[in-house]
Q: 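One structure coming up, written as structure tokens, with questions to follow.
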Amino acid sequence: QVQLVESGGGLVQAGGSLRLSCAASGSIVSINEMGWYRQAPGRQRELVARITSGGSTNYADSVKGRFTISRDNAKNTVYLQMNSLKPEDTAIYYCNVRVPIILTATYDYWGQGTRVTVSS
């Protein structure tokens, strides 16, 4: 089992910054990808950013140039630096960790979510 603990959400004015953290603990042998997703009221959960174990990243078009994902493999922690926040970034942000289980199969773990509210 893997446990994910998120932190860093909150209320911020438009144009401000927040940094989310997600620490994974438990029975971890290795972690493939780590990522952040978000879900706004009335909308489906969507990808914000992902990062591989080698450091390759991909971002949603809506956050490119404003958000930066990073990870500390020694700490099994992933971060999301969010700058130039907009009201449309308001959502619950979920951490996702993908671990190998057998052969090429993987399993996704999810955090409990942390709320980000951006006021105009």
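Worth knowing before you read on, the calculation uses all heavy atoms, side chains too, and leaves out hydrogens, waters and symmetry mates.
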Q: Identify the heavy atoms of Ala49 and Leu80 that sit nearest to each other, and give their distance.
A: CB-CD1, 4.3 Å
Q: Show the nearest heavy-atom pair for residues Ile31 and Val99, with the distance to one decimal.
A: CG1-CG1, 4.2 Å
Q: Ser53 and side chain to side chain contact (heavy atoms under 4.5 Å, CB included): which single residue from Glu33, Met34, Arg98, Arg71 fits?
A: Arg71
Q: Just by distance, do the side chain of Thr57 and the backbone of Ile51 share a donor-acceptor pair under 3.5 Å?
A: no
Q: My understanding is that only one of Thr117, Val63, Val12 makes a side chain to side chain contact (heavy atoms under 4.5 Å, CB included) with Leu85; could you say which?
A: Val12
Q: To the nearest 0.5 angstrom, please state how far the CZ atom of Arg38 sits from the CD atom of Gln44.
A: 14.0 Å
Q: Taking all non-hydrogen atoms of both residues into account, name the closest pair between Cys95 and Glu6 and its distance.
A: N-OE2, 2.6 Å
Q: Between CZ of Arg115 and CD of Gln39, what distance do you get to the nearest 0.5 Å?
A: 10.5 Å
Q: Quick check against the 3.5 Å criterion: does Thr114 have a side-chain atom that pairs as donor or acceptor with the backbone of Gly9?
A: yes
Q: What are the two closest heavy atoms between Leu4 and Cys22, and how far apart are they?
A: CB-SG, 4.0 Å
Q: Would Val29 end up clustered with Leu103 when hydrophobic side chains under 4.5 Å apart are linked, directly or stepwise?
A: no
Q: Less than 4.0 angstrom from a charged side-chain N to a carboxylate O is my criterion; do Asp89 and Lys86 meet it?
A: no
Q: Please report the shortest heavy-atom distance between Arg66 and Ser84, naming the atom on each side.
A: NH1-O, 2.9 Å
Q: Considering all heavy atoms of both residues, which atom of Gln112 and which atom of Val5 are nearest to each other, and what is their separation?
A: OE1-CA, 4.4 Å
Q: Rounded to the nearest 0.5 Å, how far does OG of Ser7 lie from CG of Leu20?
A: 8.0 Å
Q: Do Ser25 and Asn76 have side chains that approach each other closer than 4.5 Å (heavy atoms only, starting at C-beta)?
A: no
Q: Out of curiosity, does Tyr107 fall in the hydrophobic cluster containing Val78 (side-chain heavy atoms, cut-off under 4.5 Å, transitive links)?
A: yes
Q: Measure from the side-chain N and O atoms of Thr77 to the backbone N and O of Lys75, and report whether any donor-acceptor pair falls under 3.5 Å.
A: yes
Q: Do the ring centers of Trp36 and Phe67 come within less than 6.0 Å of each other?
A: no
Q: Apply side chain to side chain contact (heavy atoms under 4.5 Å, CB included) to residues Glu46 and Tyr37 and explain how you reach the verdict.
A: CA-CA 5 Å; Glu46 63 177 3; Tyr37 290 71; 5.9 Å; no
Q: Classify the side-chain pair Asn83/Ser17 by whether it contains a donor and acceptor separated by less than 3.5 Å.
A: yes
Q: Is there a path from Ile92 to Ile69 through hydrophobic residues (I, L, V, M, F, W, Y) whose side chains come within less than 4.5 Å of each other?
A: no
Q: Would Arg45 pass as a cation-pi partner of Tyr94, given that its NZ or CZ must be under 6.0 Å from the six-membered ring centre and within 45 degrees of the axis?
A: yes
Q: Given the rule in the side chain to side chain contact (heavy atoms under 4.5 Å, CB included) test, do Gln3 and Tyr109 qualify, once you have shown the distances and angles that lead to the verdict?
A: CA-CA 8 Å; Gln3 295 78 43; Tyr109 289 93; over 6 Å; no
Q: Do Ile101 and Val97 share a hydrophobic cluster, counting only Ile, Leu, Val, Met, Phe, Trp and Tyr and linking them when any side-chain heavy atoms are less than 4.5 Å apart?
A: yes
Q: How far does CG of Leu18 sit from CD of Gln81, to the nearest 0.5 angstrom?
A: 8.5 Å
Q: Among the clusters formed by ILVMFWY side chains lying less than 4.5 Å apart, do Val48 and Tyr59 turn up in the same one?
A: yes
Q: Leu47 vs Asn58, test: side chain to side chain contact (heavy atoms under 4.5 Å, CB included). Steps then yes/no.
A: CA-CA 9 Å; Leu47 170 70; Asn58 69 290; 3.5 Å; yes
